[in-house]
Amino acid sequence: MAPLGVVGVGWVGLVSAACFAELGHDVVAQDIDPRKIEMLERGDIPIHEPGLAEVVERNRERLHFTTSMSEALANSRLLFCCVDTPPTYSGDADLSSVRAVVANLTADREHALVMKSTVPAGTGVAIRRELPDLAYVACPEFLKEGSAVEDFLHPDRVVIGADAGDEWAADAVEELYRPLGGEIVRTDVASAEMVKLASNAFLATKISFINEIANVCEEVGADVTEVARGMGLDRRIGPSFLRAGLGFGGSCFPKDTQALKQLAGNTGYHFQLLTAVIEVNELQKRRVIGKLEKHLGSLVGRTIALLGLSFKPHTDDMREASSLVLASRLQGEGAVVRAYDPVAGDAARELLPTVEFGASLEEVLEKADAAVLVTEWPEFADADWASLRDGMAKPLLVDGRNLLDPESLRESGFVYEGIGRPERASRSVSTESAEEPLAT
Ligand SMILES: NC(=O)c1ccc[n+]([C@@H]2O[C@H](COP(=O)([O-])OP(=O)(O)OC[C@H]3O[C@@H](n4cnc5c(N)ncnc54)[C@H](O)[C@@H]3O)[C@@H](O)[C@H]2O)c1
């Protein structure tokens, strides 16, 4: 088997390289960041991703890390492009990293560029036009951070887009992925690119939809977790991505929804639904402020503890994390913000220089006026909330992910606020107490 080239060893690239090695391939993994390459050569893993360190360790002999593109090119026929495509100020995807990779490629008939980075539809056709001798395959990645290794090795589907003349490369990619068992979708390049953008936009739409339903539930006394359960059992709807909360973040949904909206806009089409999805998501994070004020009155001088900082559990990725918006909104209201995250503390410190960091749940909750659960880490689900409450100045908990059981929290003496969950129990447990005493 010929070695494979992987360009960019971030979440997608490192997981792909490690998993290809796990499948028995030699992999030359290249990145422009010498610190990352040095770390990987030493056996250190630059990101927190469950199971990844073990896969890399198991396959050390098959993994070769380098900063040299010519080394990657000399040793592989298929070159998997896994570089970042962050948003620009205009909301369009920033393709400068992809462009830099393409600029380093020699246009020959020996190599194929396999695009795993998420790029706007039309990118592949444009690259192919520039380098007509290079084969091009769109093979968008669907892994989720937090379960990336598992997702890569057990995909629901593998989308492979190639245009006329590049069938050999698409066949080679199909051959690679076939042992993983997911359904293979062979299509053209532009359609493959759109599958990725449309999938993320649809999932983001589901999240914003259930968040709006949650907001209506709060007005009518319904419980969104019950509503979502009832909806999700309908096979046409399905249960996933129907969890109300603080909105979506991370390196994909915010940028990919924006990029698709802009892509449509650039063609003259106004993607109204996606515009609303993005706006709902922005407003959702801010609703927490109202929930805190409802019980505390003004937040000036109040100490608020943020529990969880990463955009989702099982990762230290802080890109577009809801915690970033919340921290600055709370500070804008005059609150003192403290924070604790089981793994993302180091990554978060740089981004939140004015936030006080705690080393544990106990420490961050000590004398706090309220806690906001931002990321649904298992540690928070398993915590002894009754004893944690004793350390707090006021027992107010806003559960931004509906992770905890409202009844048991209320029995433990908390004033519990979820997202789209009724306050029935709150009224019965602490009829007179809830709002007045906390607002002192
Ligand atoms: N993170 C995810 O969960 C996920 C899932 C599916 C798809 N994607 C898409 O995959 C792509 C990569 O995402 P990521 O999260 O892995 O990004 P990342 O920022 O974690 O990693 C990108 C890597 O590319 C390197 N790089 C940048 N320019 C380079 C160049 N010219 N040559 C070599 N290396 C270069 C960077 O140093 C970095 O290590 C993006 O388009 C993203 O949208 C990400």
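Indexing begins at 1, ligand by ligand and atom by atom, following the structure's order. As the structure is a computational prediction, the values presented were derived from the model and not from experiment.
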Show which atoms of ligand 1 fall inside a sub-4.0 Å distance from at least one heavy-atom site of [X].
X	result
Ser97	27 (C), 28 (N), 31 (N)
Ala100	31 (N)
Gly10	16 (O), 18 (P), 20 (O), 21 (O), 23 (C), 39 (O)
Thr85	40 (C), 41 (O), 43 (O)
Val7	32 (N), 33 (C)

Identify the protein heavy atom lying closest to [atom], giving its residue, its atom name and the separation to 0.1 Å.
atom	value
atom 4 (C) of ligand 1	Cys252 SG, 3.3 Å
atom 9 (C) of ligand 1	Thr118 OG1, 3.5 Å
atom 34 (N) of ligand 1	Ile32 N, 3.5 Å
atom 6 (C) of ligand 1	Glu141 O, 3.2 Å
atom 11 (C) of ligand 1	Val83 O, 3.3 Å
atom 27 (C) of ligand 1	Asp84 OD1, 3.2 Å
atom 2 (C) of ligand 1	Glu145 OE2, 3.5 Å

In plain terms, say whether [X] and [Y] are close enough for a salt bridge, that is, a side-chain N and a carboxylate O under 4.0 Å apart.
X	Y	value
Arg99	Glu130	yes
Asp151	Lys144	yes
Arg35	Glu38	no
Arg128	Asp166	yes
Glu376	Lys312	no
Glu145	Arg319	yes
Arg60	Glu57	no
Arg186	Asp171	yes
Glu417	Arg287	no
Arg58	Glu54	no

Polar contacts were defined as any N/O atom of the residue lying under 3.5 Å from an N/O atom of the ligand; does this apply to Asp256 and ligand 1?
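By distance alone, the answer is no.
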
Looking only at N/O atoms, are Asp33 and ligand 1 under 3.5 Å apart anywhere?
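No - when backbone and side-chain N and O of Asp33 are compared with those of ligand 1, no distance drops under 3.5 Å.
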
Identify which of [options] has a heavy atom lying nearest to [atom].
atom	options	answer
atom 5 (C) of ligand 1	Thr315, Leu143, Thr67, Asp94	Leu143
atom 15 (O) of ligand 1	Arg319, Lys196, Gln30, Lys36	Arg319
atom 36 (C) of ligand 1	Val12, Asp31, Val102, Val101	Asp31

Would you mind telling me if ligand 1 is within reach of the side chain of Ser251, the backbone, both or neither, using heavy atoms under 4.0 Å?
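Only the side chain of Ser251 comes within reach of ligand 1.
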
Under 4.0 Å from ligand 1, counting heavy atoms only, is it the side chain of Cys82, its backbone, both or neither?
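The answer is the backbone of Cys82.
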
Can you find a non-hydrogen atom of Lys255 under 4.0 Å from ligand 1?
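Within the 4.0 Å threshold, so yes.
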
Working to the nearest 0.5 Å, report the span between CG of Asp399 and CZ of Phe414.
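Between atom CG of Asp399 and atom CZ of Phe414 there are 11.0 Å.
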
Is the ring pair Phe20/His25 parallel, tilted or perpendicular, if the boundaries are 30 and 60 degrees?
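Rings of Phe20 and His25: perpendicular, over 60°.
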
